[in-house]
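Lettering of chains follows the sequences in order, A, B, ..., and the numbering in each one begins at 1. What you see is a predicted model; the values in this text were computed from it and never measured.
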Amino acid sequence: MSGAGDLVLTLPLWAELLAAALLVVGAGFALVGSWALAKWRDPLRRLHGPSKATTLGVGCVLIASAGAFAVLGQPSLHEFLISLFLFITAPVSAHLVVKALLKLDPRLRPPAAPAPTDAASSFAGAGNATPH
Amino acid sequence: MILPALLPWVALAFVLALLFNAWRLLRGPGLPDRILALDTLYINALALLVVLGLMQGTKLFFEVAMLIGLLGFVGTVVLSKYLLHGDIVE
């Protein structure tokens, strides 16, 4: 790799340490998220990894890259846009997968909350509390 | 000095994450699990491209990463909607 590291070598030490820390944290979170996706046997438990851990890990990596290039004097809007897009869309993807799972197997739904029997025991007062 | 020595290990971590996702893609009993595995494959591939862009010192890969992110999300939404509104079970 002839061009490898040419740009990255000229980072000041504080920027390099910060980027290295963010990259390690990000890679760790993404690895744990994918490991959680591969490991769990319950389909609803498998959602925790990709929706939260992988999104956070990849967001950290993108922030590290954006910061490194910004310190070098080549700020690019792309990484911020990608990480913003990821933070918005990855949980939405997980939500849609949950809806598909619940449609295909309605037994997975949590049981409905029992109806409040007393006016004083419901949150919004008598006649207003309806269990979903 | 730190970053050029560290970046191959970060890339290796993402390659491992991709392998885990491929395992779930092949294994996952049922379609929603495979859709989720595919979406996570897209996201990890995006991150791997960003790391490769850092290793080579170029911003060229970010265009590709943005494309992968956008199209991956669109694909996931389309597949999930097809599962929700189509007749798959019968």
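- Counting heavy-atom pairs closer than 4.5 Å to chain B, the top residue among A/Leu13, A/Leu101, A/Leu31, A/Leu37 is A/Leu37.
- Closest heavy-atom contact between B/Val10 and A/Ala27: CG1-CB, 4.0 Å.
- Here the OG-CG distance, from A/Ser65 to B/Leu49, works out to 11.0 Å after rounding to the nearest 0.5 Å.
- Between chain A and the residues B/Leu16, B/Asn44, B/Leu18, B/Thr76, the most heavy-atom pairs under 4.5 angstrom are made by B/Asn44.
- Between chain A and the options B/Ile35, B/Ile43, B/Asp39, B/Leu41, heavy-atom pairs under 4.5 Å are most frequent for B/Ile43.
- Residues B/Val50 and B/Leu71 do not share a hydrophobic cluster, clusters being chains of Ile/Leu/Val/Met/Phe/Trp/Tyr side chains in contact below 4.5 Å.
- Side-chain contact between B/Met66 and A/Leu81 is present, with at least one heavy-atom pair separated by less than 4.5 Å.
- The greatest number of non-hydrogen atom pairs below 4.5 Å with chain B, out of A/Ala68, A/Ala94, A/Ser93, is found for A/Ser93.
- Atom CH2 of A/Trp35 sits about 10.5 Å away from atom CZ of B/Arg24, to the nearest 0.5 Å.
- The shortest heavy-atom contact between A/Arg46 and B/Pro29 is NH2-CD, 4.0 Å.
- Atoms OG and CZ, on A/Ser34 and B/Phe14 in that order, are 8.5 Å from each other to the nearest 0.5 Å.
- Most heavy-atom pairs under 4.5 Å with chain B: of the set A/Asp105, A/Val98, A/Thr54, A/Leu17, this distinction falls to A/Thr54.
- At a 4.5 Å heavy-atom cutoff, A/Leu102 makes no contact with chain B through either its backbone or its side chain.
- Taking chain A as the reference chain and counting heavy-atom pairs below 4.5 Å, the highest number among B/Thr40, B/Leu25, B/Val51, B/Val77 is found for B/Thr40.
- The two residues B/Pro32 and A/Val97 have their closest heavy-atom pair at O-CG1, 3.7 Å.
- In this structure, B/Leu70 CG and A/Thr89 OG1 are separated by 8.5 Å, a value rounded to the nearest 0.5 Å.
- By the 4.5 Å heavy-atom criterion applied to side chains, B/Leu54 and A/Phe69 are counted as neighbours.
- The 12-atom threshold is exceeded at CZ of B/Phe20, counting heavy atoms of other residues, nucleotides or ligands nearer than 6.0 Å.
- Residue A/Lys99 places its NZ atom among 12 or fewer non-hydrogen atoms of other residues, nucleotides or ligands, all under 6.0 Å distant.
- In terms of hydrophobic clustering, with Ile, Leu, Val, Met, Phe, Trp and Tyr side chains grouped at heavy-atom distances under 4.5 Å, A/Val71 and A/Leu22 are assigned to different clusters.
- Cluster annotation: B/Leu52 is connected to A/Leu62 through the hydrophobic network of ILVMFWY side chains, with a link wherever side-chain heavy atoms come within less than 4.5 Å.
- Hydrophobic clustering of Ile, Leu, Val, Met, Phe, Trp and Tyr side chains at less than 4.5 Å, counting indirect connections, keeps A/Val32 apart from B/Leu36.
- Comparing A/Gly26, A/Pro50, A/Pro43 by how many heavy-atom pairs each has under 4.5 Å with chain B, the most go to A/Pro50.
- Taken to the nearest 0.5 Å, the CG atom of B/Leu3 stands 6.0 Å off from the CG atom of A/Leu23.
- A/Glu79 contributes no side-chain N or O that, together with a main-chain N or O of B/Phe62, makes up a donor-acceptor pair within less than 3.5 Å.
- Taking CG of B/Leu31 as the start and CG of A/Leu104 as the end, the distance is 7.5 Å to the nearest 0.5 Å.
- For A/Phe87, the CZ atom counts as densely surrounded, since its 6.0 Å shell holds more than 12 non-hydrogen atoms of other residues, nucleotides or ligands.
- B/Leu26 and A/Trp40 fall into different hydrophobic clusters, where Ile, Leu, Val, Met, Phe, Trp and Tyr residues are linked whenever their side-chain heavy atoms come under 4.5 Å apart, directly or through other members.
- Of the residues considered (B/Gly30, B/Ala22, B/Ala11, B/Ala13), B/Ala13 shows the highest number of contacts with chain A, using heavy-atom pairs under 4.5 Å.
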